[in-house]
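Report on one structure; see the data block that follows.
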Amino acid sequence: MTLMGVSLTCFHLYTGYFGTLPSQQQGAVHLGLALGMIFILFPATRGGNRKGVPWYDVLLAFAATFTAYYKILFYDEVLRARITGYSTLDLTVAALGVLFVLEATRRTVGLPIVIMASCAILYALFGNHIPSQILSHPGFSFSQVSPFLWFRESGVFGTPLQISARFIFLFLFFGVVLMHTGVGRFFNDLAFALTGRFTGGAGKAAVMASSFQGMISGSSIGNTVASGSFTIPMMKNARFKPEVAGAAEASASTGGQIMPPLMGAAAFIMVEYVGVSYREIMFSALIPALLYFAGIFIGVHFEAKRHRILGLPKEELPSKTKLMLEKGYMLLPLLVIVGTITAGFTAQRAALMGIACALLVSLFRKDTRPSLKGLVTIFEQGARVALPVIAAVASAGIIAGVVGMTGLGSKFAAGIINLADGVLILALLFTMVACIVLGMGLPTTANYVVTATIAAPALINEFGLPPMAVHLFVFYFGIIADITPPVCLAAFAGAGIARANPMKTGFTAVKLAIGAFIIPYAFIYNPMLVMVDVNPLELIIALLFSLLGIMGVSSALIGHFVRDSLPWERLVMLAAGLAMVVPEVTTSGAGLMGMALIGWLQRRRPNPPGLAQAT
C-alpha cells in the first residue's frame, strides 16, 4: 500500500509538472490505482478488527485495477470500437468496471450515492417502461449503456473524474503536506492570538481556526474532528454549552469548503461546468465566504453575550508578535497559491508551487522538518486521503452520464419550472431542498455534480440567472447539508467530541450558520456579491446590508441583541434581517429602521438584577 500510495502521488506530481496524459489515460491511472488501494484498505463489512486482507479482496483489487488499465493497454482498439462496435470482452470489462466503482464507493463513502447511481443505470436500461411522459425515454440496451459509462467521456471517466485527476488530487495532497508540517497548529495559535481576548473568545477563536484549517482540508467532518478535539474542550471550559461548542466547530469546519483560496473539491469541477478559470471561481466565492464566517462570528458573539461569557485571560493566549516572528513564514504556501492563481497560472501549477513551498518551509525548523520516512508517509497519506473523493466522483460520473444519455436533465428542469409556475423564489426553494436532501447522503462533490447537471440549467436557462451565481447557489446548499438536521454528519461529529445531544447540536449549528441559508439568495438577487457586473459603491452597500441582515436573523434565532430579546422583539428582528437582504431601497430601509428600533428599546431597558453584561 505504501508503494501504491507513493506511486499514485508521484504520478500526479510528474504529470502536473510535465503535462497530463490524454484525459482517458490520465483518468485510468488515477482511478485504477485508487480502486486497487480501496479494495485492500477498506473491508467489505464495516466494524470489527480485520486480521490481514482476505484473498477475495486481493483478487478484486487486481481485477478492478485491470478494468481501468484496460483503457491504456488497448487504447487504440477501444477508440476504434466506437465506430466498429465493442467486442464481448469490451462489454464485460465495462460492466465489471462499473460494478467495481460502485462497490469501491460503497466501501469508502456509503450506500446513498451507490443507490442513486444504481437507480440511474436501471433508469437508462428500463426507462421505456415508465408510464410517466415526463420520465420515460426509448430505453437503451446493456450493450449501449455499459460502454457509454466506461469507455466514453460522459460516464465514469467524464468531467468529474478528469478534474479529480488533474487538480483535486494535487490540492488534497497540498493540504496533507500543510497538516504534516505544523501549519494547522500555527493556524490554531494565530486564531487564539487574534480573537481569544474578546467576548466569547474561545468560540470566536475556534471559528477562525476552523476556517483556516478548512481552507486546506476541504472536509467538513474531517476538519470538525481534527480541530474540534482541541477547540471544543476549550469552548466548554469557557462555559459554552456542549451543544453550542460542537455546533460552532461543525458550522465553521463546514464553511472551510467555500473559503478561498483552496475551497472544496467541487470548486475545481465548477471550473469546467461554468467555463471560467479557477481564479474567477476563487474571487467570486470570496465575499459570500466572508459573509458566512462573519455570520458564525456574530452568532457566537450573541450566544456568548446571552450567557455572559467573557474572553480568555491574556496570559493564556499566545503572543501575536512572537507567533508571527517565529512562525509567520508558515503563511507562505497559501500566499504562493493565491499569488500564482492571481498571476494567471493554472490551478495545477499553483498547487505544485504551493506543495514545493510547503515542503521548503517545513525545513526551516527541526520540529517540522520531515525525515525520509516522514516524507514517504506524507506521500502515502496524500493518496489515502484522495481515495473517497476519487470513488465518489467516479460514481457521480455514472449519474451525470445517464442524465446526458437519457435527457433527464432537461426533463427535470421542465419539472422545476412547471412546479414553480415561473416564480423564481419557488424554483430556488425547490432547488435548495433538493440540494440539502441529496447532501444528506452524498459527498459534497458528488452532490454538486448531480445538482449542477440537473437543477442548475433550469435556473440559468429559464430565469436568465448568471451561471456563476447559480452554481455557487447549489454548491452552498450541498455543503450545508452537513449541518442540517436530520442527517447533519459534521454536527454529529462535533456532538461526539462535546458529549452533547446530536440533534440539539444540529439545530444549534443551523442557528449559528443561518447566514449560509441567506447568503445564496442574496447573491442570486444581487449578483454583485459574486463579482458579476460590479459597481464598487453598490457592492459596498449590498455587502453592508447583507451583513446587517445576517446579524438581524442571527439575533432573532439566538434571542439576544443588546439585551436578551422578548418574543415580539425576536419576530421584528427576524423580519428586519430578511428585509435587509433584499436589494431594494424600501425593504432594506424598513429593515434597518426595525433593527435600530429594537436596539434603542433594549438599550433603554435595564440589565437583569445581579447580571453584568459582557462587553
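When all heavy atoms are compared, the tightest approach of Val176 to Ile378 is CG1-O, 3.8 Å. Taking both residues in full, the closest heavy atoms of Thr105 and Ala391 are given as OG1-O, 3.1 Å, listed atom of the first, atom of the second, then distance. Nearest heavy atoms, Val449 versus Ala400: CG1-CB, 4.0 Å. Here the shortest heavy-atom pairing between Pro288 and Ser284 reads CD-O, 3.4 Å. In plain terms, the two heavy atoms of Val336 and Cys357 that are nearest each other are CG2-SG, 3.7 Å. Summarising the geometry of Ala124 relative to Val145, their closest heavy-atom pair is CB-CG2, 4.1 Å, with the distance given to 0.1 Å.
A salt bridge links Asp57 with Arg107; the closest basic N to acidic carboxylate O contact falls under 4.0 Å.
For the atom pair CE of Met531 and CG of Leu286, the computed distance is 6.5 Å after rounding to the nearest 0.5 Å. Between Leu35 atom CG and Phe62 atom CZ the span is 13.5 Å, to the nearest 0.5 Å. Phe157 contributes atom CZ, which lies 14.5 Å from atom CZ of Arg152 (distance to the nearest 0.5 angstrom). To the nearest 0.5 Å, atoms CD1 (Ile524) and CZ (Phe463) are separated by 11.0 Å. Going from atom CD1 of Ile115 over to atom CG of Leu102 covers 11.0 Å, rounded to the nearest 0.5 Å. Rounding to the nearest 0.5 angstrom, the gap separating the CD atom in Gln24 from the CD1 atom in Ile72 is 10.5 Å.
When side chains are defined from C-beta on, Val101 counts as touching Leu31, because their heavy atoms get closer than 4.5 Å. Side-chain contact between Phe283 and Pro260: absent, with no pair of heavy atoms (C-beta onward) separated by less than 4.5 Å. Residues Ile398 and Val156 form a side-chain contact, since some pair of their non-hydrogen atoms from C-beta on lies under 4.5 Å apart. Two residues are said to be in side-chain contact when any heavy atoms from C-beta on lie closer than 4.5 Å; Ile479 and Tyr448 fail this criterion. Side-chain atoms of Leu149 and Val402, non-hydrogen and from C-beta on, do get closer than 4.5 Å to each other. Residues Phe140 and Leu125 are not in side-chain contact: their nearest non-hydrogen atoms beyond the backbone lie 4.5 Å or more apart. Considering only heavy atoms from C-beta on, Val276 stays 4.5 Å or farther from Val271 through its side chain. Using a 4.5 Å heavy-atom cutoff, the side chains of Leu387 and Phe42 are in contact.
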Should Leu465 and Phe473 be marked as a side-chain contact (heavy atoms from CB on, under 4.5 Å) after you check the CA-CA gap, both sets of side-chain angles, and the distance that decides it? CA-CA 11 Å; Leu465 299 176; Phe473 183 90; over 6 Å; no

Give the intermediate values and the outcome of side-chain contact (heavy atoms from CB on, under 4.5 Å) for residues Leu375 and Leu359. CA-CA 9 Å; Leu375 199 61; Leu359 291 174; 4.0 Å; yes

Begin from the C-alpha positions of His471 and Ile460 and carry the test side-chain contact (heavy atoms from CB on, under 4.5 Å) through to its verdict. CA-CA 9 Å; His471 281 267; Ile460 295 170; 3.9 Å; yes

Check step by step if side chain to side chain donor-acceptor pair (under 3.5 Å) holds for Glu153 and Ser23. CA-CA 9 Å; Glu153 289 81 6; Ser23 61; 5.2 Å; no

Please report the C-alpha distance between Ile258 and Leu472 in whole Å, then the side-chain angles of each, then the deciding distance to 0.1 Å, and finally whether the side-chain contact (heavy atoms from CB on, under 4.5 Å) criterion is met. CA-CA 9 Å; Ile258 57 176; Leu472 283 174; over 6 Å; no

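The environment of Tyr75 atom OH is dense: over 12 non-hydrogen atoms of other residues, nucleotides or ligands sit within 6.0 angstrom. Phe345 CZ: 12 or fewer foreign heavy atoms inside a 6.0 Å radius. By the 6.0 Å contact criterion, CG on Leu73 is enclosed, its count of non-hydrogen atoms from other residues, nucleotides or ligands being greater than 12.
For the pair Lys71 (side chain) and Val29 (backbone), a donor-acceptor distance under 3.5 Å is absent. A distance-only check finds a donor-acceptor pair linking the side chain of Thr65 to the backbone of Gly32 [under 3.5 Å]. Without hydrogens or angle criteria, Ser164 side chain to Pro160 main chain gives no donor-acceptor distance under 3.5 Å. Within the 3.5 Å criterion, the main-chain N or O of Ala44 finds a donor-acceptor partner in the side chain of Arg106. Formation of a donor-acceptor pair under 3.5 Å by the Ser253 side chain with backbone atoms of Ala250 is not found in this model. For Ser146 (side chain) and Ser143 (main-chain N/O), no donor-acceptor pair under 3.5 Å exists by modelled atom type.
Listed by first and then second residue, the salt bridge (charged side-chain N to carboxylate O under 4.0 Å, His left out) pairs involving residues 154-181 are Arg166-Glu272 (not counting sequence neighbours).
Paired with His12 under the rule ring-ring contact (aromatic ring centres under 6.0 Å, His included), one option of Phe174, Phe379, Phe169 passes, and it is Phe169.
Relative orientation of the Tyr70 and Phe151 rings is tilted, given thresholds of 30° and 60° on the angle between their planes. Ring planes of Phe39 and Phe100: perpendicular class, angle over 60° (limits at 30 and 60°).
For Thr20 and Gln26, the side-chain atoms include no donor-acceptor pair closer than 3.5 Å.
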